[in-house]
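As a basis for the values below, the full set of heavy atoms in this structure was taken, side chains included, without hydrogen atoms, waters or symmetry mates.
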Amino acid sequence: MKIAIMGAMVEEITPLLERVGEYREIAYGGNRYYEAKYGSLDLIIAYSKIGKVFSALTATTMIEKFGAQKLLFSGVAGAINPALKIGDLIVATKLCQHDLDITAFGHPYGFVPEGKVFVESDRALLSIAKEVADELSTTLYEGVIATGDQFIADEERKEWIADTFGADALEMEGASVAVVCDALGVPFLVLRAISDAADMDAGFDFDTFLESSAKESADFIMKMLDKLNG
Ligand code: 3QA
């Protein structure tokens with residue numbers, strides 16, 4: 001079984017590379033991909049760079065070039081739901097693009113013809129995540145994640161995303177990865193640990209908590225890999 005694990009920023013995959021030990025680096029398409037073995041699993045690990053376009057490229061490459069059969073995204077997110085505090089883990093039940101807008105033609109926000117507003121995560125991977133959370137006695141939130149090519153540090157925009165999509169957290173890559181995986185028939189899961197609340201303090205909080213929250217997410221992903229290893 002070949003599993004892709006991706007992040008957007010180098011900080012999001014460094015804790016994963018530290019855990020797998022030996023890996024081989026392959027340069028492709030302006031990024032570096034890392035092949036590693038983890039028990040019986042073949043891993044392909046990479047960070048895409050920030051945003052929907054780069055993350056779509058990386059997800060596609062992991063699947064089409066490296067043959068990934070499942071994809072796990074690990075990283076950080078801004079909280080929308082006030083229940084989510086810095087360091088908390090959230091797994092996406094479904095994802096949407098908050099910045100996709102052809103409403104001028106009567107379409108809903110987040111929709112383009114032949115697409116869908118929400119892409120759903122793989123049920124089997126979701127249930128593995130829940131099992132891991134139970135075993136660790138950690139709280140794993142489940143909810144809607146909204147993606148867009150903007151770092152949100154604004155209450156008003158955040159409320160709009162909450163009201164329009166019922167989103168619990170927001171980031172800049174999940175939905176684009178979801179669209180790619182859905183189109184190519186690859187089960188995927190997007191896991192994020194909260195780094196900020198997408199508010200006035202978001203820039204400062206993000207800088208402060210990127211590393212620690214990225215590690216929270218990566219540690220959880222490693223436990224999921226242990227479970228996939230059987
Ligand atoms: C932010 C990262 C991008 O990959 C999306 C973090 C956490 N908080 C967010 C927020 N709004 C949107 N997304 C997020 N990730 C990139 S900008 C900082 C870059 O620093 C999730 C996320 N509030 C680079 C140093 O110059």
request  = Could you please spell out the steps behind the salt bridge (charged side-chain N to carboxylate O under 4.0 Å, His left out) verdict for Asp122 and Lys70?
outcome  = CA-CA 10 Å; Asp122 181 64; Lys70 292 185 196 299; 5.3 Å; no
Here the pair of heavy atoms bringing Ala83 nearest to Asp88 is O-OD2, 3.6 Å
ask   = Okay, side chain of Ser213, backbone of Ile194: is any donor-acceptor separation there less than 3.5 Å?
value = yes
- Would you kindly confirm whether Met172 and Leu210 end up in one hydrophobic cluster when ILVMFWY residues are joined by side chain heavy atoms under 4.5 Å apart? yes
Closest heavy-atom pair, Gln97 versus Ala175, reported as atoms and distance to 0.1 Å, is CG-CB, 3.8 Å
Whether Asp196 side chain and Asp205 backbone form a donor-acceptor pair below 3.5 Å
no
query = Between the main-chain N or O of Arg157 and the side-chain N or O of Asp154, is there a donor-acceptor pair closer than 3.5 Å?
reply = yes
Assess the side chains of Ser217 and Ser74: does a donor N or O sit below 3.5 Å from an acceptor N or O? yes
### Query
Side chains of Gln69 and Ile3: does their closest heavy-atom pair fall under 4.5 Å?
no
Is there a donor-acceptor pair under 3.5 Å between the side chain of Ser127 and the backbone N or O of Ala124?
yes
Are the side chains of Lys52 and Asp99 in contact, using a 4.5 Å heavy-atom criterion? yes
Practice task
Indicate yes or no for a side-chain donor-acceptor contact from Glu135 to the backbone of Val132 under 3.5 Å, with no hydrogens or angles considered.
Solution key: no
query = Would you call Leu16 and Met222 a side-chain contact if the rule is heavy atoms closer than 4.5 Å?
reply = yes
| field | Under 3.5 Å: donor-acceptor pair, side chain of Ser121, backbone of Ala92 | value | yes
For the backbone of Phe66 and the side chain of Lys2, can you confirm whether one donor and one acceptor N or O come within less than 3.5 Å of each other? yes
**Prompt:** Ignoring hydrogens and geometry, is there a side-chain-to-backbone donor-acceptor pair from Glu155 to Met200 under 3.5 Å?
**Reply:** no
Item to complete: Please report the C-alpha distance between Ser48 and Asn31 in whole Å, then the side-chain angles of each, then the deciding distance to 0.1 Å, and finally whether the side-chain hydrogen bond (donor to acceptor under 3.5 Å, both in side chains) criterion is met.
Response: CA-CA 7 Å; Ser48 58; Asn31 280 320; over 6 Å; no
